[in-house]
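Each residue takes its place number in the sequence, starting with 1. Counting starts at 1 for both ligands and their atoms, in listed order.
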Amino acid sequence: MPLRDEEIESATYIDRASILLPPGDNATVKAFALIVLNQPITDLNMLDRVWSNAAVKICADGGTNRLHAALDESTRSKYKPDFIAGDLDSLNADIRAYYEKELGVPVYYSPDQDSTDFGKCLLKLGELYPGERFPVVALGGTGGRVDQEFHSIHTLFVHEREAKEEDTADKKKREITLLSDDSLTFLVGPGTQKIYTPRSVLGPTCGIIPVSGPTVISTLGFTWDIEDWATSFGTQVSTSNAMEADEVVIKSDQTVLFTLEIRR
Ligand SMILES: Nc1ncnc2c1ncn2[C@@H]1O[C@H](COP(=O)(O)OP(=O)(O)OP(=O)(O)O)[C@@H](O)[C@H]1O
Ligand SMILES: Cc1ncc(C[n+]2csc(CCO)c2C)c(N)n1
């Protein structure tokens, strides 16, 4: 299935990268919720950009410790989360007191051992903003423990399935983007998609991962473009590819995971 001009022109447009642009450069950025997970925060510049662009800011349990540690006393109070949620087994008591007592941040405790703190934050977000859906950016959603990383990817699929089952107008509002110091990662559904890849903040390296099983893909805008390319774990996978343009096209017969390097 080579890419035809008509297909490219009528492709679905995906913009997950605007969240990384400095405020002011991102007129098109949608209101989104930022969830800070329990991973080291080393890129303060990136934190500042996503924080400034986010409509709702959430810390998942030990993610609160990471936010606190990344900031100094003069800036900390400017980065006030809207709420903290989790089973609270990782949240440091002094740090909890700082956010809860000094800044007045609500802390929601949920002890169940069948959902992760990331999952608990997503649930609380839905409860606190009923009728209002936010696309989610999970800071620290990749990297670190491999089981947590797979949980993040599983969560992308949960939201993709729920979006399909819901009112289609709300589809974009169920999107989750995983962000780390190194990568921006999200699902690209079946069909032909044109993806915004501003090289001021992204790339050049990227990968298209066949997480749904055997998949056939065609691409445009990459250093190693492919046409009707069968990909699966155990046969061939396009990793260490590179973007040649600020927009790329992926045509796929299955949902794939697209992961882009962050430029620093
Ligand atoms: N080592 C890690 N590697 C990658 N992600 C992590 C790691 N630890 C925590 N996270 C992410 O941060 C969230 C909050 O983590 P926290 O450390 O507070 O809880 P946890 O008790 O270790 O994890 P959970 O209870 O969610 O399994 C987790 O739900 C997960 O998404
Ligand atoms: C089949 C199965 N596997 C693992 C867990 C454990 N677990 C999953 S999420 C979570 C919360 C961590 O804070 C814990 C302990 C479970 N319950 N069921």
Just to confirm my output: which protein heavy-atom neighbour is closest to [atom], and how far is it?
atom	result
atom 18 (N) of ligand 2	Asp114 OD1, 4.3 Å
atom 12 (O) of ligand 1	Asn38 N, 2.8 Å
atom 4 (C) of ligand 1	Gln39 NE2, 3.2 Å
atom 28 (C) of ligand 1	Gln148 NE2, 4.0 Å
atom 8 (C) of ligand 2	Gln113 O, 3.5 Å
atom 29 (O) of ligand 1	Phe118 N, 3.0 Å
atom 19 (O) of ligand 1	Asp117 OD2, 2.6 Å

Are the side chains of Ile84 and Arg96 in touch, meaning some heavy atoms are under 4.5 Å apart? no
Please check [atom] for a protein heavy-atom neighbour under 4.0 Å.
atom	result
atom 16 (C) of ligand 2	yes
atom 10 (C) of ligand 2	yes
atom 2 (C) of ligand 2	no

Are [X] and [Y] linked by a side-chain donor-acceptor pair shorter than 3.5 Å?
X	Y	answer
Glu160	Thr255	yes
Thr219	Asp225	yes
Thr205	Glu261	yes
Ser74	Asp72	yes
Ser152	Thr155	no

Which atoms from ligand 1 have a heavy atom of [X] less than 4.0 Å away?
X	answer
Ser90	16 (P), 17 (O), 18 (O), 19 (O), 21 (O)
Gly143	3 (N), 4 (C)
Asp89	21 (O)
Arg145	1 (N), 2 (C), 3 (N), 4 (C)

Taking the basic N atoms (NZ, or NE/NH1/NH2) and the acidic carboxylate oxygens, is any pair closer than 4.0 Å for Glu149 and Arg145? no
Ligand 1 N/O within reach of Gly62 N/O, cut-off under 3.5 Å: yes
Cation-pi, Tyr108 ring and Lys124 (6.0 angstrom, 45 degrees): yes
Mind checking whether Asp87 contacts ligand 2 via backbone (N, CA, C, O), side chain (CB onward), both or neither, at a 4.0 Å heavy-atom cut-off? side chain
